[in-house]
Visitor: 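Take a look at this one; I'll ask things after.
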Amino acid sequence: MTTAILISILMTVVGAATPILLAALGELVVEKSGVLNLGLEGMMLIGAVTAFAVTYSTGSAPLGLVAAMVASAAASMIFAFLTLTLTANQVATGLALTIFGIGLSSLIGQGFVGLTVPALAHVFPAALAEDPIWRVLFGYSPLVYISLVMTALVAWFLTRSRAGLILRAIGESDEAAHSIGYPVIGVRYLAVAFGGAMAGLGGSYYSLVLTPMWADRLTAGRGWIALALVVFASWRPLRLLGGAYLFGAVMTLELHAKAAGVSVVAPEFLAMLPYLATIVVLTAISIAPAGGRLAAPACLGKPFRATG
Amino acid sequence: MRLKLEARREPSRLMLYVTPALAVLLTVVAGIVIFTLMGYDGLGAIYQIFLTPLVDPYRWQDLFVKAAPLIIIALGLAIGFRANVWNIGAEGQYIVGALAGTGVALATWGMEGYWILPAIVLAGILGGLAWAAIPAFLKTRFNVNEILTSLMLTYVAIQLLFYLMRGPWRDPEGFGFPQTRLFTEWQTLPIVVPGTLIHLGVPMAVLIAVVVWVILSRTITGFQVRIVGLAPQAARHAGFSARSTIWLALLTSGGLAGLAGIFEAVGPFQQMTPQFPQNYGFTAIIVAFLGRLHPLGIVLAGMVLAISYVGGENAQTAIGLPYAATGMFQAMMLFFLLAVDVLVRYRLRLVVPAGARATHERPASGQPAGAKAPEPESASA
Amino acid sequence: MFRINRRQLLAGSAATLALPGLIGRASAQDVLNVGFVYVGPVGDYGWTHAHDTARKEAVEKFGDKIKTNYVENVAEGPDSERVIRQLAQQGNKLIFTTSFGFMNPTIKVAKQFPDVHFEHATGYKTADNVGIYNARFYEGRAVIGTIAGMMSKTGKAGYVASVPIPEVVMGINAFTLAAQKINPDFKVQVVWVNSWYDPAKEADAAKALIDQGCDIITQHTDSPAPLQAAEQRGVYAFGQASDMMSFAPKAHLTAITDNWGPYYVQQIQKQIDGTWEPEDIWWGIKEGLVGISPYNEIMPADVREAADKVKNDIAAGTLHPFTGPIKDQSGEVKIKDGETIPDADLLGMDWYVEGVQS
């Protein structure tokens with residue numbers, strides 16, 4: 001009985017963590033390239049509504065996922081064009097992207113309110129996926145496994161691959177990278193597109209897995225938590241994984257405590273926790289002697305323009 | 001041969017004034033096309049959004065009341081943005097300012113006296129100030145990125161509001177609804193134009209704009225803010241401290257956001273509710289940019305945003321344009337503004353590609369370049 | 001379209017004369033303009049969606065005799081005051097403001113427009129031209145509580161609740177009391193999500209309740225998310241505000257539906273006839289304001305019968321869900337045998353009956 005409950009709680013935590021993990025992985029790569037895109041929430045919403053609309057219309061969830069990634073990446077290209085090509089301010093453009101995403105997703109979603117699609121199927125055979133014990137490993141939607149694979153891929157990409165090294169170099173010193181001949185703007189375009197696609201994937205977790213439906217503002221502010229998560233993880237993919245599950249636990253354990261009849265601290269204070277923890281971590285990295293290695297990418301948020 | 005952006009030696013003054021109008025024009029054209037494609041009356045939608053609030057004098061009071069908080073917050077933000085200090089947590093400072101003032105209002109509830117309202121307003125300013133002091137301290141002491149801290153603190157502020165509304169500050173006679181008592185007449189802002197909704201906050205917004213204008217253009221402090229933002233090296237040589245500029249920028253913007261918050265609470269709201277946050281702190285960022293970080297431009301920009309809100313409601317009732325379309329419309333306006341902004345700093349030219357050379361943007365007048373203050377960097381690749 | 005624009009232009013210039021009463025006449029003559037102010041998007045599939053469905057029913061009923069104008073996503077506070085005033089000024093003679101938070105703004109605007117009639121949902125302040133209306137949702141809760149009492153094997157239901165206002169508190173109590181009539185040991189575990197709308201959190205709350213042994217889920221929040229969670233976990237649940245069967249064909253036993261349509265039709269008719277007057281309406285199952293959607297076919301016949309009996313008895317007035325003896329959480333008798341809780345006390349209810357764990 002207790003094992004079953006424990007397993008169930010674990011699975012809820014993973015469920016709450018996965019969409020913010022997916023979105024945060026994309027934003028991590030974006031920020032590592034020296035760009036700050038505050039439009040996560042908007043892109044997640046566009047992804048959520050596109051995934052649902054396409055899945056509902058075609059009956060194919062994989063198609064819905066791909067469409068969500070394409071749509072969110074397309075939205076991120078507005079941001080990229082303005083900030084990278086026209087050197088517009090990234091903070092303002094990101095905020096505008098969020099407002100845009102909220103509006104656009106609501107307009108697209110008008111015809112899909114009150115409908116539902118089957119939740120994404122398990123990847124593993126039912127014998128494993130529905131086993132009372134083994135489901136803790138095999139009982140998730142494909143997006144959970146994708147998020148794990150992506151974490152490993154991003155970690156490998158940033159630390160081991162040549163392209164990843166170039167991306168980081170651009171994020172730390174775009175001028176130096178440019179003078180060696182690296183395509184600063186081109187790399188940043190790709191990073192932003194990747195960030196958009198991942199945000200779309202994260203958003204589709206809500207509309208295809210957690211609550212297979214579309215309703216306005218379905219993500220209810222999770223994009224901002226994902227943004228905090230990137231900072232909380234001090235721009236490191238493996239910490240991002242741990243941080244996502246920690247945030248997921250904070251978001252759901254309160255509900256479990258209440259369901260068990262245990263009253264904990266006021267829920268509002270628990271809801272503050274991820275944000276406060278992020279500030280503390282951010283300060284800690286800045287104080288730590290090794291802070292240089294952990295700190296924000298040096299060019300984060302700065303516009304860059306090659307002249308010639 | 002291709003089209004190329006060429007940096008101007010000095011930002012174009014002509015473009016500085018022309019581009020916001022160009023942005024609005026482009027938004028109008030794009031709006032007509034998009035709304036028509038969506039099956040609505042595109043021309044009618046634009047007419048409803050942009051013109052009905054203007055041609056209808058009955059609507060003017062709404063515009064003023066809606067614009068006032070946006071203008072007050074944006075004025076404070078503009079000072080910071082000019083100095084390359086990126087306070088994007090004005091929403092949180094707005095909320096905490098309103099909460100601090102509400103605390104005084106609840107403590108003085110039932111009392112009488114002319115001192116009560118000033119005390120509430122002062123508490124509001126101090127509340128916003130205190131909330132902005134956190135990122136200022138972390139930035140100056142530990143070089144912690146103020147964009148991220150001020151944003152995170154906004155969400156902390158929202159939860160603080162929820163806690164106070166559901167718990168300690170709930171109206172004891174309010175049937176359990178999570179909101180405070182209504183403030184008394186000693187605690188609410190006076191109406192300055194009889195028979196309308198125009199409260200003291202409206203003329204105050206204009207007054208603050210004038211004061212900020214004078215400070216920025218005529219005083220040594222204003223010079224310091226601009227020079228720190230434009231040329232940090234030169235500023236250091238001139239003996240201006242980057243640290244004090246950061247404090248100045250964050251405290252001013254926080255204090256003004258707090259003032260806007262408490263004005264909204266004791267003005268139009270007359271009580272505190274969980275629905276108090278209306279994203280004014282974020283919208284004010286749009287206002288600050290639309291107004292070119294210039295105090296008088298901000299007043300105009302605040303009015304433009306107010307028009308789009310009030311007009312958006314017109315469009316809903318008149319032609320059934322959904323609320324979401326208004327949001328998209330505002331986002332488009334900002335997109336276009338940010339896009340045409342490039343014309344201030346660059347001219348378009350047809351050139352034959354030559355050897356490339358990299359430079360960082362040097363921010364042109366009133367034009368912030370980077371999200372990071374020019375502090376010494378410890379990071380390395 | 002231009003016709004409307006010009007009309008609005010006229011309306012605007014008339015308003016400068018500060019004679020709001022005249023403005024209505026500036027609009028088309030025989031058509032009654034009816035305004036609606038919504039707190040959420042019409043696409044929320046919850047509270048606002050139900051009101052908008054009712055608005056459409058009224059349009060269907062009256063055809064081109066009325067024109068309805070609505071504004072969605074109106075924030076409670078000064079924004080709502082502006083929108084209500086705008087609707088009044090645009091010539092809407094009857095305006096429905098459909099959220100509690102619109103109460104003070106409605107009263108304020110009503111003072112400025114004595115010729116316009118206002119209807120405010122779920123509040124408690126009235127005026128000469130402001131009526132209030134609400135639904136006895138607790139009657140519906142008694143019906144689904146009865147079903148829960150019979151369908152639950154563990155004797156424990158999970159309740160996903162929004163915020164502890166009397167409306168929600170009395171719903172929890174009515175549900176619990178009805179279930180205890182079937183199974184005296186019935187327990188109801190409440191989880192507050194502190195929001196009317198946060199699908200992911202609502203779903204997670206439902207899952208947490210199921211993990212704790214609740215085998216039936218009910219909710220007082222706006223999204224179908226708790227139902228979907230119940231469907232995924234193979235337990236029963238109830239819909240909220242509208243029939244949500246399509247979201248959870250196996251879990252959805254029935255739903256309490258908000259049918260504002262008949263009320264809107266009646267009040268608009270009164271406005272047309274010139275007989276409108278401010279009232280304090282609290283309708284329930286009898287008047288059709290609170291409905292019970294078709295039962296899931298898996299529900300056994302005896303459960304259907306029991307549920308129908310509760311529903312019919314409430315409609316007939318022979319059963320009051322809050323009939324004593326009722327004990328509170330500490331076991332103290334609050335309502336004596338045979339007595340019922342008066343409406344005024346219900347509207348301020350802030351205590352829970354025995355068996356509620358909150």
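Per chain, numbering begins at 1; letters A, B, ... match sequence-line order.
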Visitor: Can you name the closest pair of heavy atoms from Gly327(B) and Ile99(A) and give their distance?
Guide: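 In this case the closest contact between Gly327(B) and Ile99(A) is O-CG2, 3.4 Å.
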Visitor: Which residues pass the ring pair (Phe, Tyr, Trp, His ring centres under 6.0 Å) test with Phe269(A), sequence neighbours left out?
Guide: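 Listed in chain order: Tyr163(B).
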Visitor: Which pairs pass ring pair (Phe, Tyr, Trp, His ring centres under 6.0 Å) with one or both residues in residues 78-114 of chain A, sequence neighbours excluded?
Guide: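 Residue pairs passing ring pair (Phe, Tyr, Trp, His ring centres under 6.0 Å), neighbours aside: Phe100(A)-Phe335(B).
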Visitor: Nearest heavy-atom pair of Ala228(A) and Met152(B): which atoms, and what distance?
Guide: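 That would be CB-SD, 3.4 Å.
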Visitor: Search all heavy atoms of Ile88(B) against all heavy atoms of Leu38(A) and return the closest pair with its distance.
Guide: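 Scanning both residues, the minimum pair turns out to be CD1-CD1, 3.6 Å.
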Visitor: With rounding to the nearest 0.5 Å, note down the distance linking CD1 in Ile147(B) to CG in Leu300(A).
Guide: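 Taking CD1 in Ile147(B) and CG in Leu300(A), the distance rounds to 6.5 Å.
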Visitor: Are the side chains of Thr278(A) and Leu148(B) in contact, using a 4.5 Å heavy-atom criterion?
Guide: no
Visitor: Under the side chain to side chain contact (heavy atoms under 4.5 Å, CB included) rule, what do Ile225(A) and Tyr155(B) come out as? Steps first, then yes or no, please.
Guide: CA-CA 9 Å; Ile225(A) 296 190; Tyr155(B) 295 94; over 6 Å; no
Visitor: Please look at Leu153(B) and chain A and tell me whether the side chain, the backbone, both or neither of the residue comes under 4.5 angstrom of a heavy atom of that chain.
Guide: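 For Leu153(B), the contact with chain A is made by backbone and side chain together.
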Visitor: Against chain A, label Met333(B) side chain, backbone, both or neither, depending on which of its atoms sit under 4.5 Å from a heavy atom there.
Guide: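 For Met333(B), neither part sits under 4.5 Å from chain A.
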Visitor: Could you grab the distance from atom CD1 of Ile285(A) to atom CG of Asn143(B), nearest 0.5 Å is fine?
Guide: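 Here the rounded value is 11.5 Å.
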Visitor: I'd like to verify something: which residue of Asp216(A), Leu165(A), Leu95(A), Leu227(A) has the highest number of heavy-atom pairs under 4.5 Å with chain B?
Guide: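 Highest number of heavy-atom pairs under 4.5 Å: Leu95(A).
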Visitor: What part of Tyr323(B) gets within 4.5 angstrom of chain A, counting heavy atoms only: side chain, backbone, both, or neither?
Guide: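 The side chain, not the backbone.
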Visitor: Test Leu86(A) against Asp341(B) for side chain to side chain contact (heavy atoms under 4.5 Å, CB included), laying out the working first.
Guide: CA-CA 8 Å; Leu86(A) 300 182; Asp341(B) 194 51; over 6 Å; no
Visitor: So, do Trp224(A) and Leu151(B) sit near enough that their side-chain heavy atoms are less than 4.5 Å apart?
Guide: yes
Visitor: Top residue by heavy-atom pair count (under 4.5 Å) with chain B, among Leu97(A), Thr98(A), Ile102(A), Leu273(A)?
Guide: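 Answer, by heavy-atom pair count under 4.5 Å with chain B: Leu97(A).
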Visitor: Is the closest side-chain heavy-atom distance between Leu160(B) and Glu268(A) below 4.5 Å?
Guide: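 Not in contact.
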Visitor: Kindly compute the distance separating CG (Leu138(B)) from OG1 (Thr283(A)), expressed to the nearest 0.5 Å.
Guide: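 So the gap between those two atoms works out to 4.5 Å.
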Visitor: Let me know if Arg141(B) has heavy atoms under 4.5 Å from chain A in its side chain, its backbone, both or neither.
Guide: neither
Visitor: What are the two closest non-hydrogen atoms of Ala96(A) and Leu334(B), and how far apart are they?
Guide: CB-CD2, 3.3 Å
Visitor: Relative to chain B, which segment of Thr85(A) carries a heavy atom at a distance below 4.5 Å: side chain, backbone, both, or neither?
Guide: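 Contact with chain B: backbone only.
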Visitor: Would you mind reporting whether Tyr346(B) and Thr87(A) have side-chain heavy atoms less than 4.5 Å apart?
Guide: yes
Visitor: Check Leu107(A) against Met328(B) and note the closest heavy-atom contact, atom names and distance.
Guide: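 Result for this residue pair: CD1-SD, 3.4 Å.
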Visitor: Side chain to side chain contact (heavy atoms under 4.5 Å, CB included), that's the test. Do Ser286(A) and Val144(B) meet it? Break it down for me.
Guide: CA-CA 6 Å; Ser286(A) 305; Val144(B) 184; 3.6 Å; yes
